[in-house]
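Since this is a predicted model, take the numbers as computed values, not measurements.
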Amino acid sequence: MRGKTAIRTRAALIAAVGFCLVASLHGVAQTQALESAQAAIVRGQAFNGSWVINESLSDNTDDAVEAAIKKAGGKVKRRFLRKRPEDFYRGGPAEQELYDRISYDDVLSIAIDEPELRFEYADNFVRLFHSDGRRRRTTANSFYEEGAEDFSFANWNGDTLIVESRPRDGGFTLETYTLIENGTRLRIEMQIEPDAFGAAVELVRVFDRVPAR
C-alpha cells in the first residue's frame, strides 16, 4: 500500500510540475505575441506621414521606361537637339493608372494601422490594402466581375515593407519600401510590369519626409 501511495504522490507531483511548465510556456508565448504585435505597430508607424520626391536622388522614370522598351527590342525615337518633354511616357489607358501613380507622382502620404495600409498619391488617388495575408480571389473574368479594380497586398521582411499589386490591366508591380537616414528619407525600389510590356521597368525613387506641422 505504501508503494502505491508513493507512486500516486510522485505522479501527482509530476503532473503538477507539467501543468506549471505548460502554463509558463503559454505565458511566454502570450508575452512574445504581445511584444511582436507592439513591434509591428511601431514598425508600421515609422513610415506614417507625408513624403515628397527627392529628384536628385531618384531615377528618372522616363529613362527607366525607355530602358525597358529597348530591352524588349523596341525602338525609342531619337530627338537630336529637341529635349524630351517631362513625364513623356505618363498617361494611357485608365487600367494602367496605378503604374503612373507609383512611378510619377511627386507626393505620397502613408497611414499604416496594422493590418491596414493606406497610401494616398496626388489627386486623392488612394490605395487601401492589408498585411495580414488577405488575398482577393481572381479568375479569368475577375476584372469584369469586380469592377476592374486594382488590388495590392503587403508583407514585412524585418523593417522592410514589400508591396505587390495586380493592376487592372492584368500586369504586376513589386515595390520595396525602406526607411533610410534615420527615417528622414524613404527609398522605394520598383519593378513594374504592365501586361502589354515586353520587359520590366525598374527604378528607384527616394522621398524626403515632410516635417509635421
The side chain to side chain contact (heavy atoms under 4.5 Å, CB included) partners of Leu57 (sequence neighbours excluded) come to Asn54, Arg185, Val206
Exercise for the section: Evaluate the side-chain proximity of Phe197 to Ile69: yes if any heavy-atom separation is below 4.5 Å, no if none is. Expected result: yes
All heavy atoms of Leu108 vs all of Phe207, minimum pair found to be CB-CE2, 4.2 Å
Leu98 and Phe125 have their tightest heavy-atom pair at CD1-CE2, 4.0 Å
Can you check side-chain contact (heavy atoms from CB on, under 4.5 Å) on Tyr99 and Tyr104, steps first, answer last?
-> CA-CA 8 Å; Tyr99 303 123; Tyr104 280 106; over 6 Å; no
Practice task
Could you tell me whether the side chain of Asp132 and the main chain of Pro115 form a donor-acceptor pair under 3.5 Å?
Solution key: no
All heavy atoms of Pro167 vs all of Thr173, minimum pair found to be CG-CG2, 4.1 Å
In terms of heavy-atom contacts, Ala68 and Ala199 come closest through O-CB, 3.5 Å
message = Whether the Glu114 and Ser131 side chains hold a donor-acceptor pair (N or O, under 3.5 Å, no angle test) is what I'd like checked.
response = yes
For Glu189, the salt bridge (Lys or Arg N to Asp or Glu O under 4.0 Å) test, sequence neighbours excluded, returns Arg187
Taking the side chain as every heavy atom from C-beta outward, state whether Thr184 and Leu179 have any atom pair closer than 4.5 Å. no
Sequence neighbours excluded, the answer for salt bridge (Lys or Arg N to Asp or Glu O under 4.0 Å) partners of Asp87 is none
Those residues at least two apart in sequence (or on a different chain) that pass ring pair (Phe, Tyr, Trp, His ring centres under 6.0 Å) with Phe47 are Trp156
When rounded to the nearest 0.5 Å, the distance separating CD of Glu120 from CG of Leu128 is 11.0 Å
Sorted by chain and number, sequence neighbours left out, side chain to side chain contact (heavy atoms under 4.5 Å, CB included) with Ala111 holds for Arg118
TODO: Indicate yes or no: does Arg101 engage Glu97 in a salt bridge with an N to O separation below 4.0 Å.
DONE: yes
CG of Asp208 to OG of Ser50, rounded to nearest 0.5 Å, is 12.5 Å
*Quick one: does Asp169's side chain have a donor or acceptor within less than 3.5 Å of a partner on Gly171's backbone?*
yes
Of all heavy-atom pairs linking Asp105 and Ala122, the shortest is OD2-N, 3.2 Å
Across all chains, not counting sequence neighbours, the side-chain hydrogen bond (donor to acceptor under 3.5 Å, both in side chains) partners of Gln191 are Glu193
The salt bridge (Lys or Arg N to Asp or Glu O under 4.0 Å) partners of Arg209 (sequence neighbours excluded) come to none
Sorted by chain and residue number, the salt bridge (Lys or Arg N to Asp or Glu O under 4.0 Å) partners of Glu116 (sequence neighbours excluded) come out as none
Discussion item. Within the structure provided, determine whether Ile192 and Ile102 are in side-chain contact (heavy-atom separation under 4.5 Å).
Written reply: yes
Worksheet entry | Salt-bridge present (Glu86, Arg84; N to O < 4.0 Å) | no
Closest non-hydrogen contact found for Gly91 with Asp100 is N-OD2, 2.9 Å
Can you check whether Asp113 reaches Asn48 side chain to side chain, under 4.5 Å on heavy atoms? no
- Going by heavy atoms in the side chains, are Leu203 and Thr61 under 4.5 Å from each other? yes
Residue set satisfying side chain to side chain contact (heavy atoms under 4.5 Å, CB included) with Asp106, at least two apart, ordered chain then number -> Ile53, Glu55, Arg205
Quiz item: Got a donor-acceptor contact below 3.5 angstrom from the Asn60 side chain to the Asp62 backbone?
Solution: yes
Excluding Leu174, membership of its hydrophobic cluster (Ile, Leu, Val, Met, Phe, Trp, Tyr; side-chain heavy atoms within less than 4.5 Å) reads Ile162, Phe172
Salt-bridge criterion met for Arg43 and Asp159 (N-O under 4.0 Å)
no
To the nearest 0.5 Å, atom CD1 of Ile112 lies from atom CG of Leu161 at 5.5 Å
Indicate yes or no: at least one non-hydrogen side-chain atom of Arg127 is less than 4.5 angstrom from one of Val163.
yes
Sequence neighbours excluded, the answer for ring pair (Phe, Tyr, Trp, His ring centres under 6.0 Å) partners of Tyr177 is Phe119
Pro93 meets the side chain to side chain contact (heavy atoms under 4.5 Å, CB included) criterion, sequence neighbours left out, with Glu95, Gln96
Any non-hydrogen side-chain atom of Ser165 less than 4.5 Å from a side-chain atom of Asp150? no
